[in-house]
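Just below is one structure, and these are the notes that go with it.
Naming: A, B, ... by sequence-line order, numbering from 1 per chain. Every heavy atom of this structure was used, including side-chain atoms; hydrogens, water molecules and symmetry mates were not.
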Amino acid sequence: MKIFNTLTGRKEEFVPLTPNKVGIYACGVTVYDHCHIGHARSAIVFDVITRYLRYKGFDVKYVRNFTDIDDKIINRAREEGITWDAVAAKYTGEYYKDMDMLGVGRADVEPKATEHIAEMINIIKGLIDKGYAYEAEGNVYFSVDRFSEYGKLSKRNREEMIAGARVEVDERKINPLDFALWKRSKEGEPSRESPWGPGRPGWHIECTAMSIKHLGETFDIHGGGADLLFPHHENEIAQSEAYTGKPFARYWVHNGFITIDREKMSKSLGNFFTIKEVLDKFDPEVVRFFLLSTHYRSPIEFSDEQLREAESSIDRYYSTVIRVEDFIERANNLKDELSNAGKIFENRLISFRQNFEQAMDDDFNTALALGHVFELIRETNRFLDKRPSGLKDGELLLKTGELLSEAGNILNIFNKTPREWYLSLMKLKNIGITEKDISEKISERQGARKHKNWNLADAIRKELEDKGIILEDKKDRTDWKVMAG
RNA sequence: GGCGGCGUACCCAAGUGGCUAAGGGAGAGGUCUGCAAAACCUUUAUGCAGCGGUUCGAAUCCGCUCGCCGCCUCCA
C-alpha cells in the first residue's frame, strides 16, 4: 500500500511502526461554529482511510481531537453572551450531528484540549529545560532557531518566511517565527494555573500532547487539511521532536480544499456552505460520493450541479440493485448450469475486488475505486440483459451484491435499500405526494393500460412526472422512482 | 517576493514511461417498450494548455511560455 507523504513529497510504501498496527491522528475542529463542507471533506477522507486500513486487517487506533479552548471560542462566547465552555459544548454537539448524518464514524479516542492541560504544561516545561523554549512576561515561546530542521514539512527556510513579512511582529519573541506554547490570559479570559502564571495553551501544543499521550512519541499517520501544513503541523513537528528527541509522525497526509468559483472555501472569505445547508438539499451519500469522486489531495469545485451529477450516479447504483434483487427474489426453477454470459460475468466479478483494492492501495484513490464500481454496475446490467437463467447465475448476482456492499462499506456509501434511497429523495425534493397516492395512481393507470386506454395511462404518468415521480413499467408491475439529478 | 500545486472530451474526473487514454453526467443514433422509463449497444479527445527537448517509445520525464489556484496570517 502506498501513501503520499507530505514530509518527503513522494508516494511511499506504507510500513507501520509496529506490524499490523496503525496509529493515526487527524486534526479535528475548533468548536466555535457550525462546520462547513470543507470540514466534512477532511473528516470523510480520514474516515475512509481508517475504514480501509481496517478492511486491510490493520489494528487501527484513530485519534481525532477537539480544540475546545481558543481565541475564536472566547470571541464567540462574547457574541452569544454565554460562557466559553458552553460554546464549546454546543458546537461539539453540532459537530456530532453533522458527522453522524454524513456517516463519519467516531474516532477511537476523541481528546479535548482542556482535558490535557497538565500534559501540555509538562511538555512546555521539558522544552524550557532543554533550551528549546523561553518565557517572556507570562508567555512561553518555542524558539525556532534552536530546532535546525524547522521548515522540513512545509519546505521553506526561516529566512524566506521572514522575508514574506506577513509574520506578526511581537517584541517579546526572539525570532518573529517563534510561536506561543503558553499564552498569558488577559483579564476576564478563561485561564489555568501554570508555572508561568495564569494562561492557556497555544494552539499547536495540544496536538503534540494528545498525540503523544494516546499514540506514543512516534506514530504512523498524522493528517489534516492542507491549510494546517504551515504553521500548525510544522510547529507540531518542531516542538514534538525537540521534546522527545525522536521522529514524530512518520507519514503526513493532507487533504485538498473545496473551492467555490475556483477560490478556496473559507470562513474569512464567507464563501462557504455549512454541512447542514447542503444536507437540506442532498442525501448524505450524495455528499460523500461527491467528495470521494475526486482524489483527496486535489481541489474540488463545489456546486449544486456537481452534487446533482453525484446524485444521478448513485441513482444508477440503486437502479441496478433493484434489478439484482428482482432477479434473486424470482429466481426459481433455475437450471443447474452456468450460462455463457455467466462465465464472462464471473471473470469480471473476480477482478473487481482486486481492482478496487489496487485503487485504494494507491494512495487511497477513491475516484478510481468508484470507477471500478461503475464498471461492475455496467457489467451487471449487461449480464441481466442477457436474461440469465442458471442457478449459478443467481449465485453470481448474489456475490455481486456482496462485493458491492463490501466496497460500499469501505466508502460508507450505497448503504441504503433502494426504497430508503427513494424515500430520502422524496423528502429532500419536497415531492408533494405520498407513497400511497402514488400507488393509487399506479393502480388507476394499470386499469387504463389493461383496457389499452393509452391516453389516460400517459396522462397519469405525465401527472406524476410533473411532480418528479418517474414510472417504470415492468413485466408484471409498475415501479416508481424519484427523478434524480 | 519565496515555496508548492494544477491545466485530460461539452461538463466532472482517473491515468504520471509502453496493450484500444478508466468511470460518471450531458448530447446524438439504435435495441427493448403500446409509448415511455430503466438497461444495453454505437457515437462525442489520432488527442492530454502551448512550444521545444530526452527516449526505441511521453498525457506521464526535463526546459521554457501562457493560464488558474494554494501556502507564506486564523483556517479542514
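- At a cut-off of 3.5 angstrom, the base of B:G34 holds at least one donor-acceptor pair with the side chain of A:Asp458.
- When distances run from any side-chain atom of A:Pro231 to the nucleotides B:A36, B:C74, B:G24, the shortest one goes to B:C74.
- How far OH of A:Tyr422 is from OH of A:Tyr318: 10.0 Å, rounded to the nearest 0.5 Å.
- Both A:Glu305 and A:Ser312 lie near RNA chain B, and the one whose nearest nucleotide falls closer to the 5' end is A:Glu305.
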So which protein N/O to nucleotides 14-17 of chain B N/O distances come out below 3.5 Å?
{"from": "B:A14", "atom 1": "OP1", "to": "A:His295", "atom 2": "N", "distance (Å)": "2.7"}
{"from": "B:A14", "atom 1": "O3'", "to": "A:Asn365", "atom 2": "ND2", "distance (Å)": "2.8"}
{"from": "B:G15", "atom 1": "OP1", "to": "A:Asn365", "atom 2": "ND2", "distance (Å)": "2.7"}

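- A cation-pi arrangement is absent between A:Arg297 and A:Phe364 under the rule of less than 6.0 angstrom and at most 45 degrees off the ring axis.
- For the pair A:Arg156 and A:Phe230, the cation-pi criterion (under 6.0 Å, within 45° of the ring axis) is fulfilled.
- At the phosphate of B:C71, OP1 or OP2 sits under 4.0 Å from a side-chain N or O atom of A:Lys264.
- With centroids closer than 5.5 Å and planes inclined by less than 30 degrees as the test, A:Phe257 and the base of B:A76 fail to qualify as a stacked pair.
- In this structure, A:Ile322 reaches neither bases nor backbone, as no heavy-atom distance under 4.0 Å exists between it and the strands shown.
- Between the base of B:C41 and the side chain of A:Arg382 there is no donor-acceptor pair shorter than 3.5 Å.
- For B:A76, the OP1/OP2 oxygens have no side-chain nitrogen or oxygen of A:Arg64 closer than 4.0 Å.
- To the nearest whole angstrom, the two P atoms, one in B:G30 and one in B:A36, are 11 Å apart.
- Between A:Gly224 and A:Ile300, the residue anchored nearer the 5' end of RNA chain B, judged by the nucleotide with its closest heavy atom, is A:Ile300.
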- Item | Criterion side-chain contact (heavy atoms from CB on, under 4.5 Å) on A:Arg158 and A:Leu177, from CA distance to verdict | CA-CA 8 Å; A:Arg158 274 155 281 195; A:Leu177 295 174; 3.8 Å; yes
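- Under the Watson-Crick or G-U wobble criterion, with both distances below 3.5 Å, B:C61 is paired with B:G53.
- For A:Lys481 and A:Asp315, the salt-bridge test passes: some basic side-chain N is under 4.0 Å from an acidic carboxylate O.
- Evaluation of atom-type donor-acceptor distances gives a pair under 3.5 Å for the side chain of A:Asp473 against the base of B:C35.
- A:Leu228 comes within 4.0 angstrom of the backbone, heavy atoms only, and of no base.
- In this structure, A:Gln306 reaches the sugar-phosphate backbone alone: every heavy-atom distance under 4.0 Å involves primed, P, OP1 or OP2 atoms, never a base.
- No hydrogens or angles were tested; on distance alone, nothing pairs the side chain of A:Arg41 with the base of B:A76 as donor and acceptor under 3.5 Å.
- Taking a cutoff of 4.0 Å between a charged side-chain nitrogen and a carboxylate oxygen, A:Asp458 and A:Arg445 do not qualify as a salt bridge.
- For B:G23, the base has no donor-acceptor partner in the side chain of A:Glu375 [N/O atoms by modelled type, under 3.5 angstrom].
- Between the side chain of A:Glu472 and the main chain of A:Trp480, no donor-acceptor pair closer than 3.5 Å is present.
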Check the interface with nucleotides 3-8 of chain B: list each N/O to N/O pair with the protein under 3.5 Å, or write none.
{"from": "B:C3", "atom 1": "O2'", "to": "A:Lys155", "atom 2": "O", "distance (Å)": "3.4"}

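- No side-chain heavy atom of A:Met120 sits less than 4.5 Å from a side-chain heavy atom of A:Leu181.
- Cation-pi geometry between A:Lys267 and A:Phe272 is satisfied (NZ or CZ under 6.0 Å from the ring centre, within 45° of the ring normal).
- Between the side chain of A:Ser313 and the main chain of A:Glu309, a donor-acceptor pair closer than 3.5 Å is present.
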